[in-house]
Amino acid sequence: MAAPNLNPTLSAARRRRLVQRLVGWYRGAARDLPWRRSRDPYAIWISEAMLQQTRVETVGDFWVRFLERFPSVEALAAASEEDVLAAWSGLGYYRRARALHAAARRIASDHAGEFPRTRGELLALPGIGRYTAGALLSIAFDQPEPLVDGNVERVFARLFELDAAAGSPELVRSAWALAERFASDLGQARPRDWNQALMELGATLCTPRAPRCPECPLVRSCAARRSGRALELPRPKRRPEPLDVRLELALVRETVRDEARETPARETGPARARVLLERRPPGGLMGGMWQLPTRECVEPGAEPRLFAPGWALPLALVEGELGTLSHSITRHRIRAHLRSARLERTPPPNPEGAGSGPGPWAWFAPEAASTLALTGLTKKALTRFVHARKAPVR
DNA sequence: AAAGCGGGGGG
DNA sequence: CCCCCAGCTTT
């Protein structure tokens, strides 16, 4: 069998036609996304960093809040990493936030706060790869630079019937080659419109599992549509087996002193007491972030998959369960059981004696949650069972 | 080239 | 419940 053709020929005339049709469609069909109202490279950069492997629907509010908190490169560069992570808490891939912060500091120091406008300078910044560089150059600066994300890859795979697996090196290579050819000769079209139109098509019509071909502006030009293969391209990639993980989270409330009882019980009830949080070791999975004390329940003889099998702190569980929650981290499906616990003794503030900064555990008021770099699971548990008024107290 | 890194919306 | 997302970095 002949190798599939991943390098379609494409005349200049056909390119122009596709560009015109797609950009024309985009002008009328573009979703009103918050960051599309901005021309500030910084604001666009934040949106691109958040959108790396994260859906538009998820990013929306985070982007608004993040920009209120850190309105400029200078503001971000001046912030502590802890504060940046707190604003990022719940978005995941916290490496992105650290890189964003480091890049902001580099822009402030090496570029006098001025956003770089060349691919080379952008690629030199942490967290900016070729997609994000292309996105910034085209969307923020309207430069004719290519970009390929998952949407673009899928649109090209179908449009040109590129028979390859999603994310495969061949398809990625082919898609970038096509994107470069388009970007180098856009005719009348604005680069920012072309790239966003390409992604918009993939996000709204040319979707992975339910493409809406009849509404597509390129339906008559689409090779996969013609051969009836739109749904099967790009071919699915092999996915690693999901792993089940069972966790126990300990809810430890600070012992309330007598003076606190002076106020009405309604206000000093359990929901007001401070909660014990532990700090994850720096580096690695969610490094340095705060969480409810957590241990992984492991079958005898099996290895823990995500967390340590025992408590880091001297805890004793109290009978009964406060609730369970589902969570997922990459390929791990987590069932977390929230249980009351108490400290058997006060642990030393910093047992290793090595670390600087805050120790490995601390008491926090639930209201402080929004200012802390919490893991997503802990944020979820606190919101559902401790902080919220809709907690199942009766 | 492959794996690690979080989380959740939508089919 | 499964899929995969406006990816980057390290190995």
Side-chain angles (χ1 to χ4, degrees), chain A residues 30-31 33-36 44-63 85 88-100 102-103 122-136 138-140 146-155 165-173 175-176 179 192 195-204 206-212 231 234 236-245 280 283-287 289 291 305-306 325-334 373-380:
Chain A
R31 290 168 294 174
L33 306 176
W35 44 90
R36 285 192 177 153
I44 294 171
W45 176 40
I46 303 302
S47 77
E48 292 300 338
M50 290 186 169
L51 286 162
Q52 289 168 14
Q53 295 295 280
T54 303
R55 295 174 184 267
V56 165
E57 305 78 28
T58 307
V59 166
D61 295 336
F62 280 95
W63 182 81
L85 283 172
W88 204 269
S89 169
L91 265 179
Y93 283 119
Y94 299 97
R95 176 195 296 165
R96 294 182 296 175
R98 294 181 214 278
L100 191 73
L122 289 171
L123 287 174
L125 294 171
I128 297 188
R130 54 180 174 168
Y131 163 78
T132 308
L136 286 169
S138 62
I139 300 172
L147 116 198
V148 171
D149 70 342
N151 289 310
V152 177
E153 178 191 293
R154 184 172 57 257
V155 167
S168 64
E170 317 89 83
L171 181 52
V172 170
R173 212 164 23 242
W176 274 98
R192 71 158 56 93
N195 277 339
Q196 293 192 92
L198 210 43
M199 293 192 285
E200 189 78 353
L201 185 69
T204 61
C206 196
T207 58
R209 285 187 288 174
R212 293 152 61 182
L231 205 48
K237 71 178 111 179
R238 265 197 66 70
R239 207 161 290 285
E241 195 87 351
L243 302 171
D244 288 307
V245 172
R280 296 182 57 80
L285 185 69
M286 298 172 287
M289 300 186 70
Q291 65 181 12
R305 288 167 168 165
L306 280 178
L325 40 174
S326 302
H327 194 69
S328 68
I329 295 180
T330 312
R331 48 189 287 210
H332 304 276
R333 289 185 303 225
I334 299 174
L374 298 176
T375 67
L377 176 57
T378 289
K379 183 177 258 190
K380 200 189 282 185

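Sequence lines set the chain letters: A, B, ... in the order given, protein chains first and strands last, and positions in each chain run from 1.
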Out of [options], which nucleotide sits closest to the side chain of [X]?
{"X": "A:Asn151", "options": "C:dC4, C:dG7, C:dA6", "value": "C:dA6"}
{"X": "A:Pro208", "options": "C:dA6, B:dG7, C:dC5", "value": "C:dC5"}
{"X": "A:Met286", "options": "B:dG8, B:dG6, C:dA6", "value": "B:dG6"}
{"X": "A:Arg31", "options": "B:dA1, B:dG7, C:dA6", "value": "C:dA6"}
{"X": "A:Arg209", "options": "C:dC5, C:dA6, C:dC2", "value": "C:dC2"}
{"X": "A:Ala210", "options": "B:dG11, C:dA6, B:dG9", "value": "B:dG11"}
{"X": "A:Tyr131", "options": "C:dG7, B:dC5, B:dA1", "value": "C:dG7"}

Original post:
In terms of the nearest nucleotide of DNA chain B, which residue is placed more toward the 5' end: A:Arg95 or A:Ser328?
Top reply: A:Arg95
Measuring from atom [atom1] of [X] to atom [atom2] of [Y], what distance do you get when rounded to the nearest 0.5 angstrom?
{"X": "A:His327", "Y": "A:Thr375", "atom1": "NE2", "atom2": "OG1", "result": "6.5 Å"}
{"X": "A:Met50", "Y": "A:Asp61", "atom1": "CE", "atom2": "CG", "result": "10.5 Å"}
{"X": "A:Ile139", "Y": "A:Trp45", "atom1": "CD1", "atom2": "CH2", "result": "15.0 Å"}
{"X": "A:Ile334", "Y": "A:Ser326", "atom1": "CD1", "atom2": "OG", "result": "9.5 Å"}
{"X": "A:Leu374", "Y": "A:Arg280", "atom1": "CG", "atom2": "CZ", "result": "12.5 Å"}
{"X": "A:Thr207", "Y": "A:Arg212", "atom1": "OG1", "atom2": "CZ", "result": "7.5 Å"}

Looking at [N], I'd like to know if its phosphate oxygens (OP1 or OP2) sit under 4.0 Å from a side-chain N or O belonging to [X].
{"X": "A:Arg130", "N": "C:dG7", "value": "no"}
{"X": "A:Arg333", "N": "C:dC2", "value": "yes"}
{"X": "A:Tyr94", "N": "B:dG7", "value": "yes"}
{"X": "A:His327", "N": "B:dG7", "value": "yes"}
{"X": "A:Lys379", "N": "B:dG7", "value": "no"}

Rounded to the nearest Å, what distance is computed from the [atom1] atom of residue [X] to the [atom2] atom of nucleotide [N]?
{"X": "A:Leu374", "N": "B:dG7", "atom1": "CG", "atom2": "C1'", "value": "15 Å"}
{"X": "A:Asp61", "N": "B:dG7", "atom1": "CG", "atom2": "P", "value": "17 Å"}
{"X": "A:Ile334", "N": "B:dG7", "atom1": "CD1", "atom2": "P", "value": "8 Å"}
{"X": "A:Leu285", "N": "C:dT10", "atom1": "CG", "atom2": "P", "value": "17 Å"}
{"X": "A:Ile139", "N": "C:dG7", "atom1": "CD1", "atom2": "P", "value": "11 Å"}
{"X": "A:Arg154", "N": "C:dC3", "atom1": "CZ", "atom2": "P", "value": "15 Å"}
{"X": "A:Phe62", "N": "B:dG7", "atom1": "CZ", "atom2": "C1'", "value": "9 Å"}
{"X": "A:Leu136", "N": "C:dG7", "atom1": "CG", "atom2": "C1'", "value": "13 Å"}

Original post:
Mapping A:Pro126 and A:Arg36 onto DNA chain C by nearest heavy atom, which one lands closer to the 5' end?
Top reply: A:Arg36
Which is true for [X] with a 4.0 Å heavy-atom rule: it touches a base, it touches only sugar-phosphate, or it touches nothing?
{"X": "A:Gly284", "result": "nothing"}
{"X": "A:His332", "result": "nothing"}
{"X": "A:Leu198", "result": "nothing"}
{"X": "A:Leu91", "result": "base"}
{"X": "A:Lys237", "result": "nothing"}
{"X": "A:Thr132", "result": "sugar-phosphate"}
{"X": "A:Trp35", "result": "base"}

For [N] versus [M], give the span between their [atom1] atoms, rounded off to a whole number of Å.
{"N": "C:dT9", "M": "B:dG8", "atom1": "P", "result": "24 Å"}
{"N": "B:dG4", "M": "C:dA6", "atom1": "P", "result": "23 Å"}
{"N": "B:dG9", "M": "C:dC8", "atom1": "C1'", "result": "23 Å"}

Subject >> Heavy-atom side-chain proximity of A:Met289 to A:Thr378 below 4.5 angstrom >> reply: no
Original post:
Are A:Leu198 and A:Asn151 side-chain neighbours, meaning at least one heavy-atom pair lies under 4.5 Å?
Top reply: no
Subject >> Qualifying residues under side-chain contact (heavy atoms from CB on, under 4.5 Å), relative to A:Arg36, sequence neighbours excluded >> reply: A:Tyr26, A:Ala30, A:Arg31, A:Leu33, A:Gln196, A:Glu200
Subject >> Intermediate values then yes/no, side-chain contact (heavy atoms from CB on, under 4.5 Å), A:Leu325 and A:Leu377 >> reply: CA-CA 8 Å; A:Leu325 40 174; A:Leu377 176 57; 3.9 Å; yes
Original post:
Which of residues 49-57 of chain A have a heavy atom under 4.0 Å from DNA chain C?
Top reply: A:Leu51, A:Gln52, A:Gln53, A:Arg55
Original post:
Just by distance, with hydrogens left out, do A:Tyr131 and A:Glu48 show a side-chain donor and acceptor under 3.5 Å apart?
Top reply: yes
Original post:
Taking all atoms of both residues into account, what is the closest heavy-atom pair of A:Phe62 and A:Ser89, and its distance?
Top reply: CE2-O, 3.3 Å
Original post:
Where each pair must be Watson-Crick or G-U wobble with both distances under 3.5 Å, what dot-bracket representation of DNA chain B is obtained, with crossing pairs in [ ] and other-strand partners as |?
Top reply: |||||.|||||
